[in-house]
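Each ligand, and each atom within it, is numbered from 1 in the order the structure gives.
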Amino acid sequence: MVHSDMHDNADLVIVGAGLFGLTIAQQAAENGYRSHIIDVRPHIGGNAYSYFDKETGIEIHQYGAHLFHTSNKRVWDYVNRFTSFTHYVHHVYATHNGEVFPLPINLGTINQFFRAAYTPDQARALIEKQAGEYANVTPTNLNDQGIKLIGKPLYEAFIKNYTAKQWQTDPSQLPASVIRRLPVRFTYDNHYFRDTFEGLPTDGYTKWFERMIDDPHIEVTLSTDFFDANQPLNKANLRGNVPIVYTGPIDRYFDYQLGTLKWRTVDFKEHRYNEVNHLGCPVMNYVDADVPFTRSIEFKNFNPERTKVYEQKRTVVWDEYSRFAGKGDEPYYPVNTAADRAMFAQYKAMEAREPDVVFGGRLGGYAYFDMHQTINAALVAWEKQVLPLLTNPAEK
Ligand code: FAD
Ligand code: UDP
């Protein structure tokens, strides 16, 4: 229980109203436990939060485009309890040397790039030849993995410069997993994701999240920092007195004792056009070095089913610029070099000193999790870590 002088009787305090925190709160409520969620931001939903633009009615994903996809039936059934999904299927295009290509790399990209009409087998043989010495290595970094997957010419056109802009880290220092997220296909199938289930929440992300926590067992306090000693729900007051689920940055929790984990952040530049459609697609990647941003997002193209909004002669486009996060910036992507991973492992070991705290989510786990992975991790953490803390509190 939280101290009575805090006028609170929560069984559990959750730091962070992102998908990890919301899932834990929902599971706790369903099992009869009261939780109090705090978030330093003025809204719930974490990085997946969206709002409807006042001028145009277009749904804007405030922290960058969020597309829901999963092959995990349990997660799909779970999220469908709180929202229905549209039939949206994600497609991305890339501008390279003044020409537009389909992504992810597929037979269409390959044939357009080489001005050819290769069959799948011919294209596969060509790529293997172009992978050269990388064809037979087990890649441990993004550079080797990228070349192995698509050969040198395509890697240099579509991956090298984009990755440099996105990560500003030598691709040989980045984990191979970053690029394995993207399928490579020797057919003309250009679906961006390879998952079984896909779609966008019918009435927007925020309505979905509101329904997850629409329960008297759940209280939410926004614009409240866990590390701000001037508000009662702070670390010093709560630690050791109530079970805590912490989804903020793990290095911040431990006062950066071992150093700072590297993150990338994203800046957005907004443009508004008096056009029905500006890009003609939801996401256009700019894979060349001479365009300073990585990609542009035209939000209305995520929701063509909202006919009135979609057909109006007005549209909103955001250009995405990626850079290293400094203190005070939103941490978006863990850089995850070998040095970062070693530091994270040391922080992880320090969790043993915090028997009442469960660390989770993208920031707590220093992990490149998609929404479905975050939700799955939270469902597992609820069963394996949080519920045992509530039924059998740690020794004080
Ligand atoms: P967050 O959403 O980061 O929530 C953590 C919360 O903790 C935040 O609201 C933060 O304000 C709060 N917090 C931190 N410190 C404190 C503190 N001291 N006190 C109080 N509160 C605190 N996933 C997909 O599935 N599809 C996509 O297309 C996709 N696109 C993405 C694009 C971008 C640019 C980014 C950054 C992520 C994307 N993701 C996508 C991933 C998705 O955002 C995450 O999986 C998910 O939001 C993680 O939820 P979380 O709860 O772990 O973290
Ligand atoms: N990537 C690339 N060129 C592209 C698209 C992606 O090089 O046109 C690489 C890049 O390194 C990126 C990774 O593939 O970080 C994963 O891409 P994804 O679109 O999944 O990135 P996210 O949406 O998470 O930013």
Side-chain angles (χ1 to χ4, degrees), residues 13-24 37-49 61-70 75 90 92-96 101 103-105 109 142-143 145-146 150 154-155 157-167 169 171 174-175 177-183 192-193 195 198 200 205 209 221-228 231 233-235 245-249 252-253 263-266 268 283-287 294-295 297 302 320 322 330-334 360-365 367-375 377-378:
V13 170
I14 299 169
V15 181
L19 268 170
F20 195 96
L22 297 178
T23 303
I24 297 285
I37 313 180
I38 63 167
D39 202 296
V40 66
R41 290 173 174 170
H43 59 73
I44 62 166
N47 283 354
Y49 166 78
H61 305 179
Q62 177 160 327
Y63 302 93
H66 275 68
L67 298 319
F68 190 81
H69 56 97
T70 187
V75 169
H90 196 39
V92 177
Y93 291 85
T95 298
H96 166 61
F101 294 83
L103 285 183
I105 307 277
T109 327
L142 194 154
N143 181 72
Q145 178 71 75
I150 55 172
L154 288 164
Y155 175 80
F158 292 100
I159 307 295
K160 199 173 147 194
N161 294 316
Y162 185 95
T163 300
K165 285 194 283 186
Q166 163 104 350
W167 297 95
T169 299
L174 291 169
S177 58
V178 169
I179 194 78
R180 277 201 296 265
R181 285 164 59 82
L182 298 185
Y192 202 67
F193 302 122
D195 282 325
E198 184 173 352
L200 291 170
Y205 277 100
F209 303 147
T221 305
L222 298 173
S223 307
T224 299
D225 186 347
F226 183 57
F227 300 103
D228 176 4
Q231 61 83 18
L233 295 161
N234 68 61
K235 181 181 172 191
V245 172
Y246 176 80
T247 73
R252 174 68 187 90
Y253 184 92
W263 289 89
R264 304 204 52 69
T265 193
V266 175
F268 300 102
V283 178
M284 177 67 75
N285 287 4
Y286 294 92
V287 296
T294 51
R295 59 188 174 191
I297 318 271
F302 290 130
E320 213 172 293
S322 179
E330 295 291 354
Y332 276 1
Y333 296 99
R362 259 201 166 197
L363 302 166
Y368 195 84
F369 280 156
D370 275 327
M371 291 181 278
H372 63 109
Q373 295 165 317
T374 303
I375 294 164

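Closest to atom 25 (O) of ligand 2 by heavy atom, among Tyr333, Tyr192, Trp167, is Tyr333. Considering each of Ile24, Thr70, Asp39, the one bringing a non-hydrogen atom nearest atom 6 (C) of ligand 1 is Asp39.
Residue-level proximity to ligand 2 for Leu174 is absent, since no heavy atom of it falls below 4.0 angstrom. Residue contacts with ligand 2, taken as heavy atom pairs separated by less than 4.0 Å, involve Asn285 solely via side-chain atoms from C-beta onward.
Of the options Phe101, Tyr286, Tyr93, a ring-ring contact (aromatic ring centres under 6.0 Å, His included) to Phe158 is made by Phe101 and by none of the others.
For ligand 2, none of its N or O atoms has an N or O atom of Val287 under 3.5 Å away.
The single protein non-hydrogen atom nearest to atom 46 (C) of ligand 1 is Thr374 OG1, 3.9 Å, given as residue, atom name and distance. For atom 7 (O) of ligand 1, the nearest non-hydrogen atom of the protein is Gly16 CA, 3.2 Å.
The closest approach between a heavy atom of Tyr333 and any atom of ligand 1 is below 4.0 Å. Ligand 1 lies less than 4.0 angstrom from a heavy atom belonging to Asp225. Contact annotation: Phe68 has no heavy atom less than 4.0 Å from any atom of ligand 1.
Proximity to Leu67 (heavy-atom distance under 4.0 Å) selects the following atoms of ligand 1: 24 (C), 25 (O), 26 (N), 27 (C), 28 (O). Taking every non-hydrogen atom of Met371 and a distance limit under 4.0 Å, the qualifying atoms of ligand 1 come out as 23 (N), 24 (C), 25 (O), 26 (N), 42 (C), 45 (O). Less than 4.0 angstrom separates some heavy atom of Gly361 from each of these atoms of ligand 1: 52 (O).
For Phe369 and Phe20, the ring centers sit 6.0 Å or farther from each other.
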